[in-house]
Every structure is written in C-alpha cells, then in structure tokens.
> 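Would you mind keeping the following structure in view while I ask a few things?
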Amino acid sequence: MSWRIDVAVQTPAHSALGDVLSYASGVRVTPGALVRVPLGRREVLGVAWAAHQEDAGPAAVELKPIGAVLDALAPLDEAWRDLVAFAARYYQRSLGEIALAALPPQLRDLSAVQLARRLKRKRSDSPPGGVSPCAVALSAEQTEALSRFEAEAGPFLLFGSTGSGKTEVYLRAVAALLAREPQAQALVMVPEINLTPQLEARFKERFGADSVVSLHSGMTNPQRLASWLAAHSGAARIVLGTRMAVFASMPALRLIVVDEEHDPSYKQQEGARYSARDLAVWRGRRESAKVILGSATPSLESWHQSRPAAGDDAGGRYVRLSMPSRIGTGALPRVRLVDMNLQPPKTVLSAALLDAIGQRIARGEQSMVFLNRRGYAPVLACADCGWKSECPHCSAYRVFHKIDRTLRCHHCGFTERVPRACPECGNLDIAPVGRGTERLEEHLGELFAAVRRPDGSAVRIARIDADSTRKQGALESQLAAVHSGEVDVLVGTQMIAKGHDFRRITLVAAINPDGALFSGDFRAPERLFSLLMQSAGRAGRDAAYVSAQGATAEMWIQTHHPQHPLFVALKRHDYPAFAQGELEDRAAAGMPPFAFQALLRADARTQEVAQAFLGAANAAADALAGSDQVTRYPAVPLAIQRVANVERAQMLLESASRAVLQRVLAGWQPLLHELRRTPEGKGVIRWLVDVDPHSI
DNA sequence: AGCACGCCGACT
DNA sequence: GTCGGCGTGCTC
C-alpha cells in the first residue's frame, strides 16, 4: 500500500509552486506531523498537510520519498492548521511560508534524533504550579468588566484608560479560567518586546514561573524552541508574546488577550503581512477561546466593531467593556495646548513650557519631552548653493548625527562622516536644518545650564531613543536611571511614550506633533491621538507621589492648530468623541473600516518598470469576477520612492465587500505569476500584496 | 528563498 | 589557462 503525502514547505510566494508538494510514503503520515523532505538538492523541514492513499497501478509521476518523520513531537492539531491555512489564504501567501515561519527556527535544523533527545531532557523537570491569590481589591469597573466577561461570549473590547487596571483584569480572567479548568491555556499578546519583561514578571508572580513562557524575536533560538515546546505540549499555562505568538501551537487554548490592540506593531510589515490582532479574533472563534482586545485608544476598526451596552445590537460583534476611571485618586493629567502661532517665529520650546519644566526641576520632579525624530537634525544644508544631505541610494535625506559626526540614511543605513565643507561648492557654512532628539537634548542642556536643582547640583538631562538603546541592556539601564530619580528631564522618541511606568514624571510634553494632522496617511491622526493619550498616561501614574508633592500632572502640547478637533478631544481625554469624528470622516470618504483595502506593490530598478507591471496587473484584473466591485487606483510611487537604489510603486484596491476583495485577490495571484514572464514583468525585482495595509 | 548552471573579467 | 561575478531557472 502506498501513500501520497502533501507537505507544506517553505516555498516562497514568488516561486509559483503549489501550496503543498507531494511525496511518496510507504506508511500513512498523520496530517500535522513534522517531516523532513528532499527539495531540490537539499532536505528541508515541512508540515504534513494531507495523506492520500494511492490506487494500485502506475503512478502518474514518480514522487520523491518522504524523509524522516519527527514523530517524537505530537502533530500540529487541526485548529492550528486551520489558522495557518486561513492566514495564508487571507494574506495571499503560500501555506508553507506561514506554517514554517510560525515554527521556532531551531526546529528547522534539528534532526529527528536531536529533537527526540531534546524532548526527553525537557520531560524530566516537573512543573508544579500554584496560583497565588491577589490581595488587591478590584474597582467597581473592573468587577463589572469581569462579570460581563464571564457571562458573555465576546469577543470583548476592553476600553480602559491608562491606569484603569486592564492588566489586573487580564490576570483575573486567566486566574478564573485556570481555576475552572486547570489544564487550559491562555495566550497574552503585547505589541513590543520591550513591554514583555514587566508583564512577564506580573504573570509569573501570580501564576508561578513554570506556568508562563515567552515567545518573541528577542529570545535566543534555544529559548524560543523551549517555550514553543512547552506551549505545544500543553505544559505551559500561559504564553506571553509579541505578534508571532498568535501562531503558537496551544492545544488547550481557551483565552486570548491582545493588549494595546490598536498598536501598529501587530501588523507585520514584511514577508507575510498579517495582523496578529485580526488573526487572534479569528483564532478565538475557531477554537472557542474567549478573546479580549484591550486599549485606552482602540483602533477605529475595533471601536466601530464594538457595541456599547449589553443587549444593544447597534454597532458590531464585539462586546465593549468600559473602564474610564483611573485606579486610586490619580486624576488624568491636565492637557495644556500652547498656540505656537502666538510664539516668536522659530520657537522650539515655548517660554511657558520652559517655565513649567523649571518648576518641576525646582520641586525635584521629572519631566519628559518627546519628539518623533532621532538624530541631531533631519537635514544638513549648504547656505550658499542649496546642497542638502540627500542619500545617494534613496529618495530621502540623510540625518545628521552629531554624536559621531555622521550623516546616516535611516532607510538604507548608508553612513558617511559629515563633510567639512559643502561637497558641491566647497562652502564651509553647512548647517543643520530642523531638529531631532539629539539637538533637543543639547538645547535643553543649554537652557538649563545655569539652573540648579534643590540640592544645588546641575540639572540632569537624558535621552532615550533607538540610538541610545542600541546596545543590549541599554534601554533597561537607562529606564532604571529614570526610575531611581537620576534624571530631571528625559528627552526621547515615542519609544518612551509606550508602556513604561515613570512614577515620578509629572510633566509630559510633545514639542511638535503637527506633522500627523495633515499628512497623506489617513491613519496618522489615529496614531497621533493614541500616542498623545499614552504619553499623557505616563504623567502622574503614581497618585500618592503626585499628591504628596502637591503637584498636578500635566501634558503639554505645542501646536499651530490648537482648535483642531483632535486636540479638543484630547484635552477632555475623550477618545469616544475623537473616534466618532474620525469615523464620520472615514464613512464620508469611504475608507476603512467602511471599506476594505489591499495594496499591490512592485519593486524594480526604475519607476517605469515598476509602474508598467502594476499597469499590466491592473489590466489583467479586468477579467476577474467581482472586479467591477473593486475600485482600482492608478499606480503611484511610494512616499519614499527609492530605497537602496530600488524604485517602488504601488496600487491601491478598495471594496465595500471584504469577500469580493478576497475573491479578486485570490483570482489575481496566478495572473500576477504569469505576468512576470511577460515583457511587462521583466525587470521587476519583486511584487507583493498587502491585505488591510496599515499605511498607504 | 537556496542552490544550481552558465557565460565573461583579473589572477597564479 | 582557472577563480568567481551574479543573471536565469528549478525545486514534489
């Protein structure tokens, strides 16, 4: 008796190979089993997807025999395979690409024997797990949210302001689950690696170190394999991780938490461009696991999808659980708008803001100033001939980093020492234009050089951004310095606005947030509002500290548009008002969440070649059923049109129906593969489809 | 994606 | 005369 086994292997999307490759086997291989199979001249890891019994008689084609079956490991279950299959289909990628990316990288290199040995070693330690009860009393809002969570099916949108105690709700929900069903598993996702350690600590404290494993790209390969195996075997109760964790194999999954669900990092931006938040909701429904999406500023998609009260059928499918109040007495910080139109021209820091920071210094409190631009200045320019520090490989300026006197391209990494004189005309007068965090740090240093702290010492200014935290452990040590009070004024990018609890900060300032108000990206206001709300949440987290100081926590915003509805809503901490306004605009303009989008992008040596491919692709789509219900916009260059000498162009597709858009995309895929072999496809370096794109 | 094959410039 | 550049093509 012989079998044909269909195996998902890592076939790249461009290869136009089928979703699965078929191999011969003398025995049936269980779907979901990990196998090693020959592919070309090498042997690769694959996941058995289906087994077909071959009729006796001559085989149509001679199949290569399957290699080793890694049967020390339980096969990936059907629910997991369904999730992978759905993600592959929805995001227009191959099955194998998603499946293999979802497995720990080390599994690819391990032989069957090595894996068996590893598993034997693992089994020896026995994890006893005890849930330590929590002494903290719940607020009325938390109690209400939890009881509705227990009573209803969800999915739930936990709309809780910063400091309202969302994490405690997650912990209780997990605790209740494990009390009811000790062998159950919960998946908890956070947007960034930086945020895992403190959450991990809280979960381990509550549920025991052995019950919790982490899964994110900052871990070493052996660590990731160990965590993955613990999840897959069911030994781990709680898996805590970043977006990749949505694909963790968890046979007893009953609960999924997506914290800060609005965060853009849940959308993968390269390779398979999936949204871990959306997949989490899909997975929850498929596996009957309850899903909680938590945020103080939900994505407009989730907000639109949620209904405010029980039994209210208006709105969407999500149950909205609101926790508007901060725990304890800490009031939300007062928002102060500085009208920059009334300031002297070229003001960087208004006098009123400087005064407020000075008062904080005098009282021994901390301030945080953020600016979304790292480096010293975004451009270096020649006053004489107009030369600017363009990157020779990208359509962008190289940023001036004063610290090491370099010009660095933030897109391709091209770095050179700053020229002494203008490379065009030899003029020595080349000057930085605009400012980044480095220059802001320097500027603040000058402004406060003469100021003394209460004990007579000099004011201490620190900066946290991607440059200052490049080294391993640098972020942790810099955060620790802020926590221990070694810093008076902290300067940084949005990195400092997310998640970290700075208890002694009583002032947060956004220096120049206006860029996002009128940018071409329709999601920019949503991101700005969320960022400012989160930043405001950094101030005065420690209510006891703030009131003991007699201080008021404040969020300062310098803007040329103080009447902008975004700021008006922010001033009142009124996310619902902001969301309503944005949703009305989106509805009127026929944009998400009222329409569904996809991008086709092409990269080539020249813009013409890239656009010609998109043009041909557009024409090819005419023939597809449903294409009349999909608006196809003309091909345009990307905002940054050239990166590392590659020209990039894209076209947008939009439809009121997700299903129709999906159907068109699915039908398009083979046509796009064919196009590559036509004259219009020659010279295209790569093309890719981005479903539900985040930035367009 | 890998990893081959395949046809043109600077080296022992 | 070879070593090696990366252009094109294939992988059940």
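Proteins come first, then strands; the chains are lettered A, B, ... in the order of their sequence lines, and each starts at number 1. Just so you know, these numbers come straight off a predicted model, no measurement behind them.
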> Let me know the distance between CG of A/Leu45 and C1' of B/dG2, rounded to the nearest Å.
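To the nearest whole Å, that distance equals 16 Å.
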> Would you kindly give the CZ-to-P distance between A/Arg676 and B/dA1, to the nearest whole Å?
9 Å
> Provide, to the nearest angstrom, the distance between the CD1 atom belonging to A/Ile66 and the P atom belonging to C/dC12.
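Rounded to the whole Å, the gap is 13 Å.
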> Within this structure, what is the CG-CD1 distance for the pair A/Asp19 and A/Ile98, rounded to the nearest 0.5 Å?
10.0 Å
> Rounded to whole Å, how long is the line connecting atom CZ of A/Arg93 with atom C1' of B/dA1?
12 Å
> How long is the span from the CG atom in A/Leu638 to the CD atom in A/Gln607, to the nearest 0.5 Å?
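A/Leu638 atom CG to A/Gln607 atom CD measures 8.5 Å (nearest 0.5 Å).
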> Starting at NE2 of A/His673 and ending at C1' of C/dG9, how long is that distance when rounded to a whole Å?
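Roughly 16 Å, once rounded to whole Å.
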> Show, in sequence, the C-alpha distance, side-chain angles and deciding distance for A/Tyr90 and A/Tyr274, and conclude whether the ring pair (Phe, Tyr, Trp, His ring centres under 6.0 Å) test is met.
CA-CA 9 Å; A/Tyr90 188 81; A/Tyr274 62 87; over 10 Å; no
> Without decimals, in angstroms, what is the distance between A/Ile685 CD1 and C/dC6 P?
14 Å
> Rounded to the Å, how far apart are A/Arg605 CZ and C/dC6 C1'?
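Answer to the nearest Å: 12 Å.
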> Take the protein atom CZ of A/Arg108 and the nucleotide atom P of B/dG2, then report the distance between them rounded to whole Å.
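Going from A/Arg108 (CZ) to B/dG2 (P), I get 9 Å.
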> Report the residues that fulfil salt bridge (Lys or Arg N to Asp or Glu O under 4.0 Å) with A/Glu192, sequence neighbours left out, ordered by chain and then residue number.
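If we apply the salt bridge (Lys or Arg N to Asp or Glu O under 4.0 Å) test to A/Glu192, skipping adjacent residues, the hits are A/Lys498.
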> Which ones in residues 34-44 of chain A lie close to DNA chain C, meaning a heavy atom under 4.0 Å from one of its atoms?
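Only A/Pro38, A/Leu39, A/Gly40 qualify.
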> Between A/Trp668 and A/His673, is the gap from one ring center to the other below 6.0 Å?
no
> For residues 616-627 of chain A, which residue pairs pass the salt bridge (charged side-chain N to carboxylate O under 4.0 Å, His left out) check, not counting sequence neighbours?
A/Asp622-A/Arg632
